[in-house]
Amino acid sequence: MLCSVAKKKKEGSTRTLRWPCGFEEAARGGEVLKASRVLVASRNFANDATFEIKKCDLHRLEEGPPVTTVLTREDGLKYYRMMQTVRRMELKADQLYKQKIIRGFCHLCDGQEACCVGLEAGINPTDHLITAYRAHGFTFTRGLSVRAILAELTGRRGGCAKGKGGSMHMYAKNFYGGNGIVGAQVPLGAGIALACKYNEKDEICLTLYGDGAANQGQIFEAYNMAALWKLPCIFICENNRYGMGTSVERAAASTDYYKRGDFIPGLRVDGMDILCVREATRFAAAYCRSGKGPILMELQTYRYHGHSMSDPGVSYRTREEIQEVRSKSDPIMLLKDRMVNSNLASVEELKEIDVEVRKEIEDAAQFATADPEPPLEELGYHIYCSDPPFEVRGANQWIKFKSVS
Amino acid sequence: MAVVAGLTRRPLEQVSGLLRRRFHRTAPAALQVTVREAINQGMDEELERDEKVFLLGEEVAQYDGAYKVSRGLWKKYGDKRIIDTPISEMGFAGIAVGAAMAGLRPICEFMTFNFSMQAIDQVINSAAKTYYMSGGSQPVPIVFRGPNGASAGVAAQHSQCFAAWYGHCPGLKVVSPWSSEDAKGLIKSAIRDNNPVVVLENELMYGVPFELPPEAQSKDFLIPIGKAKIERQGTNVTIVSHSRPVSHCLEAATVLSKEGIECEVINMRTIRPMDIETIEASVMKTNHLVTVEGGWPQFGVGAEICARIMEGPAFNFLDAPVIRVTGADVPMPYAKVLEDNSVPQVKDIIFAIKKTLNI
């Protein structure tokens with residue numbers, strides 16, 4: 001179930017903003033941003049429409065996800081707003097990085113919006129998700145506000161990790177980051193799946209990694225144990241064709257990432273089509289929940305930006321290629337065209353959403369730039385959990401910081 | 001990325017651009033070379049000299065290196081000698097060690113030493129210990145190199161210093177260059193050494209230019225592993241450091257000189273085997289010692305220096321306990337104000353020096 005609503009808390013609050021789940025929250029007005037036009041405007045829209053989606057390539061599966069799906073107007077508007085929010089948030093991060101307000105590493109996911117939004121659409125908020133460092137989009141879809149994300153990128157106290165983590169280390173409920181070491185998050189995800197099975201609450205874990213990470217040995221170790229122990233883990237390879245500057249052909253002996261789980265069944269999904277991603281996710285989630293063990297999904301997607309903000313992204317691929325993907329396969333454009341052509345929404349209505357989203361991002365960026373840095377006194381905080389306070393040594397033996405759990 | 005101006009006794013001018021290889025070597029004057037260029041030159045010269053030398057790692061070939069340290073090498077030497085690997089540290093480190101066992105001389109690059117943790121078993125168990133375990137019959141002539149320690153704003157998983165971790169292990173040699181001269185001479189020595197050598201570079205130093213003296217421009221210029229260098233002579237206090245903090249020590253020394261305090265600044269250059277003799281001789285002259293490092297304090301390089309000083313002749317010459325200046329004992333925070341206070345700053349070094357001198 002997908003919620004596109006952010007509930008704003010009191011002014012000055014440094015708590016991270018959470019997503020209420022459930023459509024009920026969305027229906028409440030007040031401070032809440034409008035999520036869907038429930039009231040009929042000047043024209044009648046269709047309530048839903050049926051779309052054909054690409055058939056997934058299958059590995060060790062008799063049948064796959066359906067090739068048609070129904071999209072409701074309400075869902076469509078939600079997905080559109082969410083993807084647009086991720087898109088604009090990433091572009092704002094690009095801007096802030098160039099102004100040196102964001103430092104260090106910054107890996108953007110514009111172009112890959114259908115993945116984070118589509119995956120979320122196929123699971124429950126009580127399910128779990130973990131990914132690597134290209135994580136801003138997932139941090140948002142898993143429930144944090146743009147404010148909390150941008151403020152973390154700018155290293156301020158209002159950031160979701162209080163400014164201590166930065167781009168690659170954002171966490172939320174049932175979202176385990178944000179991980180900087182390539183591939184390390186995959187065994188972690190299998191472990192979260194182990195906990196899901198252990199707790200017997202029918203929850204599953206989505207464990208994401210990229211095409212570059214797919215060549216990490218620890219991933220195969222995780223595959224083996226997940227299959228052996230029938231862990232409810234969906235391994236998801238977000239294949240955007242390049243691991244930093246290395247194309248898939250130069251890094252992998254087999255680029256059929258959906259087959260590389262070998263004994264784990266897999267499917268290859270059009271990661272630029274949010275409906276395809278949603279259906280595949282629903283299918284995979286049902287598979288896992290049935291107790292059959294892990295399953296693998298390869299999402300074929302594309303990133304417009306380079307690997308990170310320090311990579312122009314054109315030394316190992318052509319501008320023509322980037323432009324071609326933008327013009328033919330942009331996930332937001334694909335959804336928009338579908339909705340407009342089947343009378344689920346009007347162009348003007350979607351433009352209004354664009355305007356609202358821009359404003360939301362702008363406000364969040366203002367906050368992220370104006371919020372103060374974390375206090376120096378808290379440099380030593382949060383080293384241990386549940387421990388009494390102790391002293392932390394600074395640059396010399398006379399500089400001491402208090403450490404509070 | 002912050003660029004720290006490298007300081008030597010002679011004032012430096014900033015210079016842009018790559019070293020042009022067409023430059024005349026017949027009448028070498030002092031040359032401005034960045035640390036990045038120096039490592040590049042060192043590797044290039046050794047690749048040329050010995051066909052058994054090759055470089056492997058992530059993005060080292062067609063991308064010219066994640067930090068452009070291997071720029072131009074793939075173009076010059078091709079696929080056989082400069083190899084792009086998948087993101088498989090444990091795998092390619094093991095492959096490199098195997099190749100070394102079979103007689104080749106690999107340079108295995110870790111994009112940063114943080115990622116070497118994924119492969120550390122191969123570095124320690126397969127490389128470092130093998131000559132010993134084989135009773136002297138199986139050498140492993142390999143170099144592991146890459147940036148180590150804190151950068152700018154890269155947060156906890158990308159900022160760790162591994163000097164103490166690798167320095168702990170017998171069988172390994174560990175070097176930590178500071179200047180361009182260090183970088184060039186040490187990488188060449190490391191490549192020619194028949195033992196596994198860990199070369200801890202520093203990302204923030206890559207772009208810093210230094211004067212490369214004439215002797216360092218020779219293709220056979222080597223800096224011996226295991227020998228420290230006194231970068232600045234002094235009489236009042238000995239400051240020992242390695243890598244980027246050496247710059248901060250020299251800056252502190254310049255400031256204190258105006259107050260009549262003359263610091264002797266020692267650039268360790270090598271972590272293991274440690275040149276404790278140079279440090280001892282200096283302490284026996286100055287009677288005061290401050291160690292400076294970027295890594296965490298507990299079980300660190302400074303802690304080892306303290307222990308050895310106590311075990312040796314210099315202890316009786318100390319007028320005050322040794323003081324360590326280190327990184328803060330926390331995972332590296334991201335926010336700038338916190339990060340700045342988690343690494344040794346010039347003010348911390350000055351404070352420590354005055355403390356030990358009781359000023």
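Proteins come first, then strands; the chains are lettered A, B, ... in the order of their sequence lines, and each starts at number 1.
Between B/Asp348 and A/Asn396 the shortest side-chain heavy-atom distance falls below 4.5 Å. Here the side chains of B/Ile87 and A/Met244 are not in contact, with every heavy-atom distance at 4.5 Å or above. Between A/Trp398 and B/Ile323 the shortest side-chain heavy-atom distance falls below 4.5 Å. Using a 4.5 Å cut-off on side-chain heavy atoms (C-beta onward), B/Gln157 and A/His169 make contact.
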Which donor-acceptor pairs under 3.5 Å do side chains of residues 382-391 of chain A form with protein atoms, sequence neighbours excluded?
residue, atom, partner, partner atom, Å
A/His382, ND1, A/Ser405, O, 3.2

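Between B/Val154 and A/Met168 the shortest heavy-atom distance is O-CE, 3.6 Å. Considering every non-hydrogen atom in both B/Val337 and A/Leu376, the closest pair reads O-CD1, 4.1 Å. Between A/Ala395 and B/Val343, the closest heavy-atom pair is CB-O, 4.5 Å. Of all non-hydrogen atoms in B/Ala335 and A/Gly155, the two that sit nearest each other are CB-O, 3.4 Å. Taking each heavy atom of A/Val182 and B/Gln118 in turn, the nearest pair found is O-NE2, 3.5 Å. Shown here for B/Glu59 and A/Thr246, the closest heavy-atom pair between the two residues is OE2-OG1, 3.1 Å.
B/Ala61 does not touch chain A: none of its heavy atoms, backbone or side chain, sits under 4.5 Å away. Of the atoms belonging to B/Met117, not a single heavy atom falls under 4.5 Å from chain A. Using a 4.5 Å cut-off between heavy atoms, A/Ile219 does not touch chain B at all. Heavy-atom distances place no part of B/Glu58 under 4.5 Å from chain A, backbone and side chain included.
Not a single side-chain hydrogen bond (donor to acceptor under 3.5 Å, both in side chains) links A/Tyr258 to another residue, sequence neighbours left out. Under the ring-ring contact (aromatic ring centres under 6.0 Å, His included) criterion, B/Tyr63 pairs with no residue at all, not counting sequence neighbours.
Ranked by heavy-atom pairs shorter than 4.5 Å toward chain A, the options B/Glu89, B/Gln62, B/Glu339, B/Met332 are led by B/Gln62. Highest contact tally toward chain A, considering only B/Asn114, B/Ile349, B/Thr326, B/Val325, is held by B/Thr326 [criterion: heavy-atom pairs under 4.5 Å]. Chosen from B/His158, B/Met90, B/Gln298, the residue pairing most often with chain A at heavy-atom distances under 4.5 Å is B/His158.
Residues of residues 96-105 of chain A that come closer than 4.5 Å to chain B, counting heavy atoms only, are A/Ile102, A/Arg103, A/Gly104, A/Phe105, ordered by residue number.
To the nearest 0.5 Å, atom CZ of residue A/Phe401 and atom CG of residue B/Asp329 are 11.0 Å apart.
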